[in-house]
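Take a look at the structure below.
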Amino acid sequence: MSSQGSLFSTTLQEITQTKLTELDKQRRVFEDHRERIKAVLAKEQDVEETLPAVAELVRRAFNITIKDGKVVRSSDQDKVSISIELQTLDRVFTQAKYDPSFSVKILEQWQDRLVGHVEQQSAKYAFAWLYGQLTNESVAAKNPKAKPTSGEDDFEHVGGAKKLEARAKWEEGVFVATYVDKAEISKLLSDLFEPRETESRVLHKALKDMRDKATKFGDTIRQSKGFNTETLKWAIKGLLASDLLTQDKRDALRSFRDSDTILREVADVLNMRLDSIDTWSWGDEVILEERRNLNGSYQIFMQEDVLQALFLHQIGVYWSIFWRDALRAFQNTKDVWKLAGETMTPLERKRREYYLGILPGGRTLAVEKRKTYREDYFVSQLMTSPYQQRDDAEGDEEAELDLEEAEGVEMDMVQQMPRRTKQTARKAVQQQAPRRQMASMAARKSAPSANRFASAEAYADEDDESDEDVGYGLFDDGATGFDDAGSNPPMSTMAAKKQLLRLLSTDIHLSTRTTGGLAAFRTQIQDLYPSLPHATILAVTEYLGVPKQWLGFFTRFLEAPLRFHDEPTAKPRQRLTGTPSSHVLSEMFADVVLFSLDFLINQNAEGELLFRVNDDLWFWSSKPQVCAEAWSIVKSFTGTVGLKLSENHTGSAVIRRTSGSAQSEYRLESVDPGDKLPQGRIRWGMIALDPASGRFAIDQKMVDKHIGELKRQLKHSGSSVFNFVQVWNSYASTFFSSNFGESANCFGRQHVDDMLATHQRIQQEAFLDGKADQHSNIIQHLQQVIAERFNTPDIPDGYFFFPSELGGLEIQSPFITLLQLRDTVISDFPKLFSDVFAAEKAAYLSAKKTFEDGKVQRRYGKVLDPEFRPEDHETFFSYEEYSKFRETLPASYSDSLVDIWTQLLQKPSESAVDLNSHDSVYTALESVNVYPGKIMRFFMMSAYWKWVAVVYGPELIERFGGLKIVDAGLLPMGMAELYRGERVKWQE
């Protein structure tokens, strides 16, 4: 545990030991009865003599009650079946006594059934005992006797040159002020938000409204009593979902949460701090610790006290929600945000209406793209609700790329503007930018706004978003002002990044077939949070209207006095660059600063959108010159605000359809991007875009590197089976799977096959016996380990895959999911697109016939000018003109471009197995309907768990009499879940 002295964990350990002791007693009593039954059966007697004795011993073994000489049906759900059989057996004995025709074979069958129940229960006790041993093994592995102690909180102690190097570079960055030219930043902002053109009056007003809201909101927070028992409960929930606090502080928060009396006292203290926000400070010092992430990078965390953490978290949430609403209202203001795509002139619209008549309404590709951008990418790190919290799976993080270890791809230096410091040129900070920045950075369960990107485009029918009184409901009558209900929580950071791959891949399919090609780049801001200059943060927030007293608070928050936990005699040093990890305020600062980049791209790149997830920037366009302009803007902006771009995460591609090939074909060629775009391939995780094929392919050289790291981490965790499984699930299943992208229609079946083959290789090489040169697998390995350590051979395969609540180890298998997706993924792209263009051509010919027959409908109020007649009015307009606006106008036919876009973006549905309602597995599931999301009623189960139940269930039913490997009451679930619920501490 993180805190060995935690009262909570200590008490749970005592409860666990008591439970295991009682389990051992029950098991010994049962085995004593089992041995007696075996002794009875060993006697050479007829079944008429042995069966009554066996039945009585079975009744005692299962502790079935007798009343008035009759077996009583048990109220214990797990004993109902055996008690009913014993009741029935009393009548069987009676019939056998009086009925001469009653067969001895029937008595033998009944005896076999009773003995089978005993053997099944014996197996359950054996596996319950095994579960207890595995739990104790895990506790011992995580709580070694010789654990170092110190005067600080309980920190993770890891060593190694890489850790020391990362820390040194981090210190080199944050304790030196990054120089930025405030005048340049001011000019950048004023040119962007206050252009001098007369038509920019709308923009000027939108800026003024946003500034007024920021000023009013700052005053509102100060005047309110923002802390009360209800707000503290969601603040505590958010902090517990973060990585910020040590275990003893987390336990303290839980005790706060469960006592309204304590919460009222805490609220009083924090409201006093809010009243005196002008004099708030960190105190004398804040302790730092360094932690290793799965991908090998390190992250520095601040360890403030519990009250400080609550205060800062809740203040951060308030400001984050305010800025999300304010920035979205700004973006939603008509004529502020430019729209991409072909825009019709009045003449083009009149011509279209003359030839086609009343134009159809409906979905358009341009609007759907903007909706996706607005919902999933625009200021996506800002919070929609205080109830949002992280729900990311361990291992769901992006792999770090070392280009020297990639598939032989050399990369030129990223073109960018230089950074400067006050005294000397600052060296590049190589430490990994924080991936988990707080409850709001990853998946968030919340009540999001259902607002959509409002389009001013003709025929687009979308709801506008109100921009009044943004955020002011937070403090009315002590309420939070948020509805804690909703069905569409914001996308997690990793999910948003993986969707970006799908979006780009889908647009490659479409653009190469409609406009002939596409240019794209991807880059990442290096060490965004540790390197974000304070002067930049303050300049941007001041420009956008944040009041002076809050600017002073932000300054003090940023300039924290810091000291590492292993330097007890060192003096604290003031932070001069960057923001604290795992704080909502840090996220807010970054997204507000980078919002200016989002807007700058939109205004200067023909309305195209910069798809940004935190520090990750993606841009593509069918016009290479527009893509080049966007890249130039990114370089200029980051240089002005004092940020750097990561060479390892920067690349570009120019893809076009080969000359002469048909639209439905997919013969592509890669074009040298020249000096207008960055050199190097577009990479993400363990995949890279191949411009020659338009596909994302798995980088097997990176896989090799991580297979070696997986083996090292498994070896380190080998002293505990539970820990071993946790490492395997996090690394081999989640981490690798996440970094291969996803199974999606736009990637095709080949990508699924590549993932299956790569997962096969990972498992074979992870368990390769170097001496015998033989491949093993995860199941064989654990079967051998458990047999050797606990003398428990012959373990069924289902034990390893079934849920922990049923006594299984719950190993996650990527093969099960992928194989159920494989047959449903689109594989015939040429036919898909040939059908689209055939439908478009057919619609054109139909419209032409309608025109030539004189049946075009033009009505006042439905078209711009019913009397308009073009010069060439006798000749129907060309197919090229008809199809020119296929992205921005609704189609009159089904399976249009927007339909195909939607289909390609989708992740295919899993093709689940089915069961007959009379099947033994189906019947067994009816008695295990207590674990929603895993094993429950068959028709409600996910495809994954259906497969596990159908494939591995029969063996478990035969062995244990059902799908419960162990009765839940026998398991030390509390301690097991506590330890397995902790994040893995990755070995340096």
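Note that this is a predicted model, so its numbers are computed, not measured.
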Between the main-chain N or O of [Y] and the side-chain N or O of [X], is there a donor-acceptor pair closer than 3.5 Å?
{"X": "Ser242", "Y": "Leu239", "answer": "yes"}
{"X": "Ser733", "Y": "Gln812", "answer": "yes"}
{"X": "His583", "Y": "Leu244", "answer": "no"}
{"X": "Gln303", "Y": "Glu289", "answer": "no"}
{"X": "Asp615", "Y": "Leu528", "answer": "no"}
{"X": "Arg761", "Y": "Glu765", "answer": "no"}
{"X": "Asn729", "Y": "Glu810", "answer": "yes"}

Are the side chains of [X] and [Y] in touch, meaning some heavy atoms are under 4.5 Å apart?
{"X": "Lys25", "Y": "Val29", "value": "no"}
{"X": "Tyr131", "Y": "Leu23", "value": "no"}
{"X": "Phe564", "Y": "Glu171", "value": "yes"}
{"X": "Leu806", "Y": "Leu956", "value": "no"}
{"X": "Gln133", "Y": "Arg789", "value": "no"}
{"X": "Met755", "Y": "Ser743", "value": "yes"}
{"X": "Leu756", "Y": "Gln760", "value": "no"}
{"X": "Ser581", "Y": "Tyr529", "value": "no"}

- Message: Between Glu397 and Ser738, is the side chain to side chain donor-acceptor pair (under 3.5 Å) condition met? List the steps.
- Response: CA-CA 7 Å; Glu397 59 184 81; Ser738 292; over 6 Å; no

Provide the closest heavy-atom pair for [X] versus [Y] in the form atom of the first, atom of the second, distance.
{"X": "Glu304", "Y": "Val286", "value": "N-CG1, 4.1 Å"}
{"X": "Tyr944", "Y": "Ser813", "value": "OH-N, 3.0 Å"}
{"X": "Ala128", "Y": "Val966", "value": "CB-CG1, 3.4 Å"}
{"X": "Ala924", "Y": "Leu963", "value": "CB-CG, 3.8 Å"}
{"X": "Met302", "Y": "Pro580", "value": "SD-CB, 3.1 Å"}
{"X": "Lys964", "Y": "Lys124", "value": "O-CE, 3.2 Å"}

- Test side-chain contact (heavy atoms from CB on, under 4.5 Å) on Arg254 and Arg257 and set out the steps. CA-CA 5 Å; Arg254 291 188 181 97; Arg257 180 188 58 192; 3.8 Å; yes

Between [atom1] on residue [X] and [atom2] on residue [Y], distance to nearest 0.5 Å:
{"X": "Asp616", "Y": "Trp684", "atom1": "CG", "atom2": "CH2", "value": "9.0 Å"}
{"X": "Glu567", "Y": "Ile287", "atom1": "CD", "atom2": "CD1", "value": "10.0 Å"}
{"X": "His781", "Y": "Ile779", "atom1": "NE2", "atom2": "CD1", "value": "11.0 Å"}
{"X": "Ile698", "Y": "Asp754", "atom1": "CD1", "atom2": "CG", "value": "5.5 Å"}

- Task: Go through the structure and list residues passing salt bridge (Lys or Arg N to Asp or Glu O under 4.0 Å) with Asp24, not counting sequence neighbours.
- Result: Arg28

- Assign the ring pair Tyr731 / Phe735 to parallel, tilted or perpendicular, where the plane angle (0 to 90°) is split at 30° and 60°. perpendicular

- Query: Going by the angle between their ring planes, with limits at 30° and 60°, are Tyr125 and Phe30 parallel, tilted or perpendicular?
  - Reply: tilted

- Task: Inspect the contact between Lys701 and Asp704 and indicate whether a charged nitrogen and a carboxylate oxygen are less than 4.0 angstrom apart.
- Result: no

- Message: Any salt bridge linking Asp396 with Lys498? Criterion: basic side-chain nitrogen under 4.0 Å from a carboxylate oxygen.
- Response: yes

- Task: Would you sort out whether Ser737 and His759 count as a side chain to side chain donor-acceptor pair (under 3.5 Å), showing the intermediate values?
- Result: CA-CA 8 Å; Ser737 296; His759 275 294; 3.2 Å; yes

Sequence-distant partners of [X], side chain to side chain donor-acceptor pair (under 3.5 Å), two or more places apart:
{"X": "Arg822", "answer": "Asp753"}
{"X": "Ser776", "answer": "Gln780"}
{"X": "Glu742", "answer": "Arg502, Lys907"}

- Query: In chain order, what residues pass the ring-ring contact (aromatic ring centres under 6.0 Å, His included) check against Trp728, with sequence neighbours excluded?
  - Reply: Phe767

Would you be so kind as to tabulate the donor-acceptor pairs closer than 3.5 Å made by side chains of residues 791-801, with sequence neighbours excluded?
unit_1, atom_1, unit_2, atom_2, d
Thr792, OG1, Phe790, O, 3.0
Asp797, OD1, Gln783, NE2, 3.2

- Task: Would you indicate whether Glu958, at its atom CD, is surrounded by more than 12 heavy atoms from other residues, nucleotides or ligands within a distance under 6.0 Å?
- Result: no

- Aromatic Tyr387 / basic Lys237 pairing, under 6.0 angstrom, 45° off normal: no

